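Have a look at this one before I ask anything.
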Amino acid sequence: MICYNCGCSLSEKNFCTSCRADVTVYKKIMYTANRFYNDGLEKATVRDLTGAVSSLRQCLKLNKDHIEARNLLGLVYFERGEVVAALSEWIISKNIRGEKNIADDYINIVQKNPGRLEAINQTAKKYNQALLYCQQDSLDLAVIQLKKVISMNSRFVQAYQLLALLYINAQEWDKAKKVLTQCQEIDTNNTMTLRYMKEVDAMLTTEDEKPKKKKETIVYQSGNDTVIQPIGKKENIAFKTLLNIILGAALGVAVAWYLVVPAKMQEVEDKSTQRVKEISEQLDVKTSLVNELSQKVDSLTLEKDSLTTSLGVAQTTNLVVEAYTDLIEAAVMYMESDRDVETSIAIADALDAIALNYTTVETSESYSTLYQLLLDEISPIIADSCYTTGYAAYKATDYETAIADLERAFKYDSTNKDALYFLGYSYYKSGDTVNALPIFEQVIELFPDTNRAASAAKRIREIQG
């Protein structure tokens, strides 16, 4: 254990042997934090993720620099499908200890896989869309969205819980129980999951089913006497009558079967044979017609493929000519201008349109050189102008304008940490924390050990907590 005052190792004494500071309370706090960490580790081992989160948060309240607790909390969040919260914890851990920190590996696993990052982003968007559908009472659409979220992130506990709640609302108890069972496999002791499961189990419990006694007797009045007659002991007359009817019907069916049915069957068979011959003849005619049409289709398909190839070559040539024409027009605009801001912005718009419209065009080295030369010439002007207007819009609380201008300023000058920071802060001030969080993380990653990185880390903690 390290002294909070001088950083020296502490002994068993209640004071620091180096600076003589009283560490009695400090030791108790650190020991308590370690106990909470151990408790969280035990709960995470048995998949009590909710309990683990609670214990680890208590540990970090007592010791915010507890690297192991913060890394484990990130793993628990990741296991529950809350990837953004997990990344936040690992980034904070990395800022506390920059070297020899396993959080680097966790961050790299997530961030160096563009496909996984895109899936995480889409999962968050679809979950938010499902919440919006719930608010709009479009519950069927919400169920569809949540099923997509679970297919993309099979450990997103909150998505399972919301889907189960929608099933409960629709009184689909079996589906709700199945979803809650899957949720419990991820987080065994989640309070909300247990509450929903208790409600579902109560509704699935069958009502008391009491066997009904069969009425064994018939009671009726005969004059002044009351007669109690057991069922099944009626007079044999009704039984004999019913038996005679059944035997007569059986005899009639037998006669019909042996005399009438064979003739009818032969007649039906003859008709079937004649019908089969007619259908065979029609089938031969249609088969010949199909073969003839198939040959025509093959011929037309070859002709279509040839025309499609020719059209593709013509379209590609046309695109190349248009790309060169648009780039030459941008170059002429640059040469005839006074290098002012307005003209530079127009050239930038033209270059952006070229990059967007002609991405599939194969160009020459001279084309690429001219494009890059124009871009390098106007980039400083665009970056300075957009940062000035974006920062002014930010100060005037016009966050929509600020976001557009600051984003373009950083696009043309990736070394401008102020533009990137105020872009994230504009999202933050406008209430869009989903977009603000990755930008603050980018500030920390691109500009570490700067005031902007420290401020970005503070904003991340505010968003998470």
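Just so it is clear, the structure is predicted and the values come from calculations on it, not from any experiment.
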- Message: Does Asp298 have more than 12 heavy atoms from other residues, nucleotides or ligands lying within 6.0 Å of its CG?
- Response: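 For Asp298, atom CG is crowded (more than 12 foreign heavy atoms under 6.0 Å).
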
- Query: Does a donor on one side chain sit under 3.5 Å from an acceptor on the other, for Gln161 and Thr193?
  - Reply: yes

- Message: Quick check on Glu400: does its CD atom have over 12 non-hydrogen neighbours (other residues, nucleotides or ligands) under 6.0 Å away?
- Response: no

- Short N-O contact, Arg35 and Asp39, less than 4.0 angstrom: no

- Item | Straight-line distance of Leu139 CG to Leu146 CG, nearest 0.5 Å |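 If we round to the nearest 0.5 Å, Leu139:CG and Leu146:CG are 10.5 Å apart.
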
- Item | Parallel, tilted or perpendicular, as decided by the 30° and 60° cut-offs, for the rings of Tyr394 and Tyr391 |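 The arrangement is tilted - the two ring planes meet at 30° to 60°.
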
- Task: For Asp405 and Thr389, test the side chains for any donor-to-acceptor distance below 3.5 angstrom and give the result as yes or no.
- Result: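 Checked: Asp405/Thr389 side chains pair up, N/O donor to acceptor below 3.5 Å.
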
- Query: Near Asp105 CG, under 6.0 Å, is it more than 12 heavy atoms from other residues, nucleotides or ligands?
  - Reply: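 More than 12 within 6.0 Å, yes.
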
- Specify the closest pair of heavy atoms between Ala69 and Cys59, including all atoms of both residues, with the distance to one decimal.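 Result for this residue pair: CB-SG, 3.6 Å.
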
- Could you check Asn63 against Asn34 for side-chain hydrogen bond (donor to acceptor under 3.5 Å, both in side chains), going step by step and ending with a plain yes or no? CA-CA 9 Å; Asn63 181 8; Asn34 290 335; 5.5 Å; no

- Query: Mind checking whether Asn189 and Val46 have side chains closer than 4.5 Å, heavy atoms only?
  - Reply: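 Result no, sub-4.5 Å side-chain heavy-atom pair not found.
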
- Message: Rounded to the nearest 0.5 Å, what separates atom CG in Leu163 from atom NZ in Lys178?
- Response: 11.0 Å

- Note on the structure: In this structure, CD1 of Ile439 is separated from CG of Leu406 (nearest 0.5 Å) by 9.5 Å

- So, do Tyr428 and Tyr425 have ring centers that fall under 6.0 Å from each other?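 Aromatic pair counts; centres sit under 6.0 Å.
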
- Tell me, which pairs form a ring pair (Phe, Tyr, Trp, His ring centres under 6.0 Å) where one or both residues lie in residues 142-197, sequence neighbours left out?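 Of all non-adjacent pairs touching residues 142-197, those that pass ring pair (Phe, Tyr, Trp, His ring centres under 6.0 Å) are Tyr127-Phe156.
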
- Roughly how far, to the nearest 0.5 Å, is the OG1 atom of Thr450 from the OH atom of Tyr421? 10.5 Å

- Message: Other residues, nucleotides and ligands only: do more than 12 of their heavy atoms fall within 6.0 Å of CG on Asp140?
- Response: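 Counting other residues, nucleotides and ligands, CG of Asp140 stays at 12 neighbours or fewer.
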
- Task: Hey, could you give me the OH/CG distance between Tyr133 and Leu141, rounded to the nearest 0.5 Å?
- Result: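 It comes to 5.0 Å.
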
- Query: Can you check whether Ile460 reaches Ile444 side chain to side chain, under 4.5 Å on heavy atoms?
  - Reply: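 Sidechains of Ile444 and Ile460: in contact.
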
- How many angstroms lie between OG1 in Thr287 and CG in Leu283, if you round to the nearest 0.5 Å?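 Answer rounded to 0.5 Å: 4.0 Å.
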
